[in-house]
2 protein chains.
Amino acid sequence: MSRSGADLALLLLGGFRALADRATAELAARGYEDVRPVHDFALRAILSGADNASELGRRMSIAKQSAAKTIAGLEERGFVRREPDPTDRRRIRLHVTEHGLAMLREGEAIFDELREQWEQQVGADAIKGLEDTLRRLLGNNTGRLDTPGWLMQDLGGDA
Amino acid sequence: MSRSGADLALLLLGGFRALADRATAELAARGYEDVRPVHDFALRAILSGADNASELGRRMSIAKQSAAKTIAGLEERGFVRREPDPTDRRRIRLHVTEHGLAMLREGEAIFDELREQWEQQVGADAIKGLEDTLRRLLGNNTGRLDTPGWLMQDLGGDA
DNA sequence: CCCAGATCGACAGCTTGGCTGTCGATGACA
DNA sequence: TGTCATCGACAGCCAAGCTGTCGATCTGGG
């Protein structure tokens, strides 16, 4: 079982976990403790237009009830505010706070640093080739956010 | 959120998910329903020497209590048997059944097929380059599950 | 030889992040 | 205006981690 397809899957998973683990640790070191990948995913989705629970659920491919739980977590941490919609009293609109934006920026910076570390290890061309290959394989839809809990749970990180 | 280090993480995760999802579906289609990646991981670890719950926990970097749950799942599905250790009455030794071995073989075959599909999409060289790059980055400790470096970050466990 | 400490597996109970089903309030439209 | 869709909330469930604790069982130093 060297050189097998299973190996390939493990390599990809290992790469993701390496990045996610380090990003979480670094984020915690910079003052954003208890931030999980799901928080980052959700915040990005909200920023890109999913400004209510039902829509967030659709974008993340989770039930709206689960989205509501996620939103509660984001609100507890001060990353979003919930405000009544003036035009539709059923809705509660989501607003990303400055604290949330700062966290996203910090995460982004950390990932860029990690990427640079990898470039120094294997060369910028190798990293670029890795990205290109994966992009071609995945049809460029990397934004899929429906990652199951068993993967997001304890590996922390801000992917 | 384009062209950043976070993208790299998403690509790696997406690649793993693509393989894992398809493998799970294909495994189900071939008669092994309700098999999750964790079952495969655990079975491999057991085969490679982790023949009791505590050791399995250490190899998989999870608490031994969680390992016990995993083992219960494997036993339910008939992939392992639990037998008392003749020389240490505290231990319950794990034995991979023929059914478990067959599932592993089928999984291996499926992964190989998926890898070939990818090779046809982007070329064998690209896949090989991807593997080589990741192997260099991850220190070549991929097929093994006892990789403390990138896995032990915030996992306390009772190891 | 014996007891202290380490280890094994099990139990209870918690946490997170999913799920379904149901509900009342509200909006959209024929 | 009445029907149907949608929104967010509540209750309750599941899966897979976690911790703490326990009794039983090795193991090794004195």
Side-chain angles (χ1 to χ4, degrees), chain A residues 17 20-21 24 33-43 45-46 50-77 80-94 145-157 159, chain B residues 17 20 24 34-42 46 50-77 80-94 145 151-159:
Chain A
R17 294 195 54 157
D21 279 356
T24 298
E33 306 199 12
D34 199 27
V35 174
R36 290 174 190 44
V38 64
H39 298 134
D40 186 275
F41 277 70
L43 225 45
I46 293 169
D51 71 337
N52 63 86
S54 294
E55 180 57 26
L56 180 61
R58 279 191 290 269
R59 298 256 187 141
M60 297 182 71
S61 298
I62 61 175
K64 62 183 177 182
Q65 292 81 352
S66 306
K69 273 195 199 177
T70 300
I71 292 167
L74 291 174
E75 198 182 15
E76 271 176 23
R77 290 167 177 79
V80 298
R81 276 200 306 275
R82 297 163 71 252
E83 294 160 356
D85 188 309
T87 71
D88 186 340
R89 274 183 293 174
R90 293 172 306 175
R91 302 175 92 194
I92 294 179
R93 290 176 59 181
L94 304 174
L145 299 172
D146 56 336
T147 296
W150 64 264
L151 196 47
M152 311 290 288
Q153 240 162 11
D154 49 18
L155 47 70
Chain B
R17 291 255 309 152
T24 299
D34 200 28
V35 173
R36 290 174 190 55
V38 64
H39 297 134
D40 187 272
F41 277 62
I46 293 169
D51 70 340
N52 65 86
S54 294
E55 180 59 26
L56 181 61
R58 279 191 289 268
R59 298 255 187 145
M60 297 183 72
S61 297
I62 61 176
K64 62 183 176 181
Q65 293 81 352
S66 307
K69 272 197 200 177
T70 300
I71 291 168
L74 292 173
E75 198 182 14
E76 270 176 24
R77 290 166 177 79
V80 297
R81 278 200 305 273
R82 297 163 73 252
E83 295 160 357
D85 187 309
T87 69
D88 185 339
R89 275 182 293 176
R90 293 171 306 176
R91 303 174 91 194
I92 294 180
R93 291 176 58 181
L94 303 174
L145 299 169
L151 211 56
M152 296 290 280
Q153 283 286 337
D154 47 0
L155 306 174
D158 66 355

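Reminder, nothing fancy here: chain letters follow the sequence lines and each chain counts from 1. Values below: every heavy atom of this structure, side chains too, minus hydrogens, waters and symmetry copies.
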Look at A:S54 and D:dC7 and indicate whether a side-chain polar atom (N or O) is within less than 4.0 Å of OP1 or OP2.
->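 Checking A:S54 against D:dC7: at least one side-chain N or O falls below 4.0 Å of OP1 or OP2.
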
Would you indicate, yes or no, if C:dC8 has its OP1 or OP2 atom less than 4.0 angstrom from a side-chain nitrogen or oxygen of B:R58?
->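 Indeed, a polar side-chain atom of B:R58 lies that close.
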
Can you tell me how far apart [atom1] ([X]) and [atom2] ([Y]) are? Round to the nearest 0.5 Å.
{"X": "B:R59", "Y": "B:E55", "atom1": "CZ", "atom2": "CD", "value": "5.0 Å"}
{"X": "B:L94", "Y": "B:R81", "atom1": "CG", "atom2": "CZ", "value": "11.5 Å"}
{"X": "A:T87", "Y": "A:R93", "atom1": "OG1", "atom2": "CZ", "value": "7.0 Å"}

Classify [X] by what it touches in the nucleic acid, base, sugar-phosphate, or nothing, heavy-atom distance under 4.0 Å.
{"X": "A:A53", "answer": "sugar-phosphate"}
{"X": "B:R36", "answer": "sugar-phosphate"}
{"X": "B:R82", "answer": "sugar-phosphate"}
{"X": "A:S66", "answer": "base"}

How many Å lie between CG on A:L94 and P on D:dA9, as a whole number?
->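 Whole-Å distance recorded here is 10 Å.
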
Gap between atoms CG and P, on A:L56 and D:dT6 respectively (whole Å) | 18 Å

Is any N or O donor-acceptor pair between the side chain of A:R90 and the base of D:dT6 shorter than 3.5 Å?
-> yes

Mapping A:R91 and A:K69 onto DNA chain D by nearest heavy atom, which one lands closer to the 5' end?
->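 Taking each residue's closest nucleotide, the earlier one in sequence belongs to A:R91.
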
Between A:R91 (side chain) and A:D51 (backbone), is there a donor-acceptor pair under 3.5 Å?
-> no

Closest of D:dC26, C:dC11, C:dT20 to the A:Q65 side chain is C:dT20

